[in-house]
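The structure appears right after this line, and notes come after that.
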Amino acid sequence: QVQLVESGGGLVQPGGSLRLSCVTSGIIFSINNMAWYRQAPGKQRELVAGIRRGGQTNYADFAKDRFTISRDNDKNTVYLQMNSLIPEDTAVYYCNRELARDDWWGQGTQVTVSA
């Protein structure tokens with residue numbers, strides 16, 4: 001019933017950029033700290049970045065200084081700006097709340113970084 005719709009993934013060359021979007025409902029957006037996660041083939045899902053309702057952010061080591069998480073309160077949308085992409089960033093990217101709920105996982109959006 002909770003709708004979290006990710007978009008913006010695609011195929012990019014190393015060094016390229018993508019901007020991911022996650023759209024949810026107003027109530028979900030307003031009451032939760034939000035986050036981006038990713039899962040690469042053969043690996044566990046991992047936290048990429050989080051953003052609190054107050055705007056404070058946190059990043060995984062691999063994401064700091066390359067990725068930027070932000071939120072648009074008017075659009076109920078969480079963004080992930082991804083720069084300087086490397087092949088290791090290839091994964092399905094998901095949004096959820098910062099303390100992830102198992103029943104909130106959606107389809108995600110595929111990011112592939114390859115020459």
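Residue Ser84 holds its OG atom at 9.5 Å from CG of Asp89, rounded to the nearest 0.5 Å. The distance from atom CD of Glu6 to atom OG of Ser21, rounded to the nearest 0.5 Å, is 10.5 Å. Summarising the geometry, atom CZ belonging to Arg53 is positioned 7.5 Å from atom CG belonging to Asn32; distances are rounded to the nearest 0.5 Å. Distance CD/Glu98 to CG/Asn96: 11.0 Å, rounded to 0.5 Å. Atoms CG and CZ, on Leu80 and Arg38 in that order, are 9.5 Å from each other to the nearest 0.5 Å. The OG1 atom of Thr77 sits 12.5 Å away from atom CG of Leu20, with the distance rounded to the nearest 0.5 Å.
The hydrophobic clustering, which links ILVMFWY residues whose side-chain heavy atoms are closer than 4.5 Å, places Trp36 and Val2 together. Transitive grouping of hydrophobic side chains (ILVMFWY, heavy atoms separated by less than 4.5 Å) brings Tyr93 and Val12 into a common cluster. In the hydrophobic clustering of ILVMFWY residues, with side-chain heavy atoms under 4.5 Å counting as a link, Val48 and Trp104 come out together. No single ILVMFWY cluster, assembled from side-chain heavy atoms under 4.5 Å apart, contains both Leu47 and Met82. Under a hydrophobic-cluster definition in which Ile, Leu, Val, Met, Phe, Trp and Tyr are linked whenever side-chain heavy atoms come within less than 4.5 Å, directly or via other members, Ile27 and Leu4 are assigned to the same cluster.
Inter-residue side-chain proximity for Ile86 and Arg66 is flagged as met; some heavy-atom pair is nearer than 4.5 Å. In this structure the side chain of Leu99 never reaches within 4.5 angstrom of the side chain of Asn33, judged on heavy atoms. In this structure the side chain of Thr90 never reaches within 4.5 angstrom of the side chain of Val111, judged on heavy atoms. When side chains are defined from C-beta on, Tyr59 counts as touching Thr68, because their heavy atoms get closer than 4.5 Å. Taking 4.5 Å as the limit, every side-chain heavy atom of Phe62 sits out of range of all side-chain heavy atoms of Glu88.
Of the N and O atoms on the side chains of Ser17 and Asn83, at least one donor lies less than 3.5 Å from an acceptor on the other residue.
For Asp103, the CG atom sits in a packed shell: over 12 heavy atoms of surrounding residues, nucleotides or ligands are nearer than 6.0 Å. When the shell of 6.0 Å around CD of Gln110 is examined, it contains more than 12 heavy atoms from other residues, nucleotides or ligands.
You'll find the ring centres of Trp105 and Tyr37 inside the 6.0 Å limit.
Nearest heavy-atom pair, Lys75 versus Val23, reported as atom, atom and distance to 0.1 Å: O-CG1, 4.3 Å. Taking all atoms of both residues into account, the shortest heavy-atom contact from Pro14 to Ala115 is CD-N, 3.6 Å. Residues Leu18 and Leu85 come closest through the heavy atom pair N-CD1, 3.9 Å.
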Side chain to side chain contact (heavy atoms under 4.5 Å, CB included) assessment of Asn73 paired with Arg71: CA-CA 6 Å; Asn73 294 332; Arg71 59 196 297 159; 3.9 Å; yes

Criterion side chain to side chain contact (heavy atoms under 4.5 Å, CB included) on Ile28 and Asn76, from CA distance to verdict: CA-CA 9 Å; Ile28 293 298; Asn76 301 322; over 6 Å; no

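Geometric assessment of Arg19 against the ring of Tyr79 yields a positive cation-pi assignment under the 6.0 Å and 45° thresholds. In this structure, Arg45 forms a cation-pi arrangement with Tyr94, its terminal cationic atom sitting closer than 6.0 Å to the ring centre and no more than 45° off the ring axis.
Here the side chain of Thr24 pairs a donor or acceptor atom with the backbone of Gln3 at under 3.5 angstrom.
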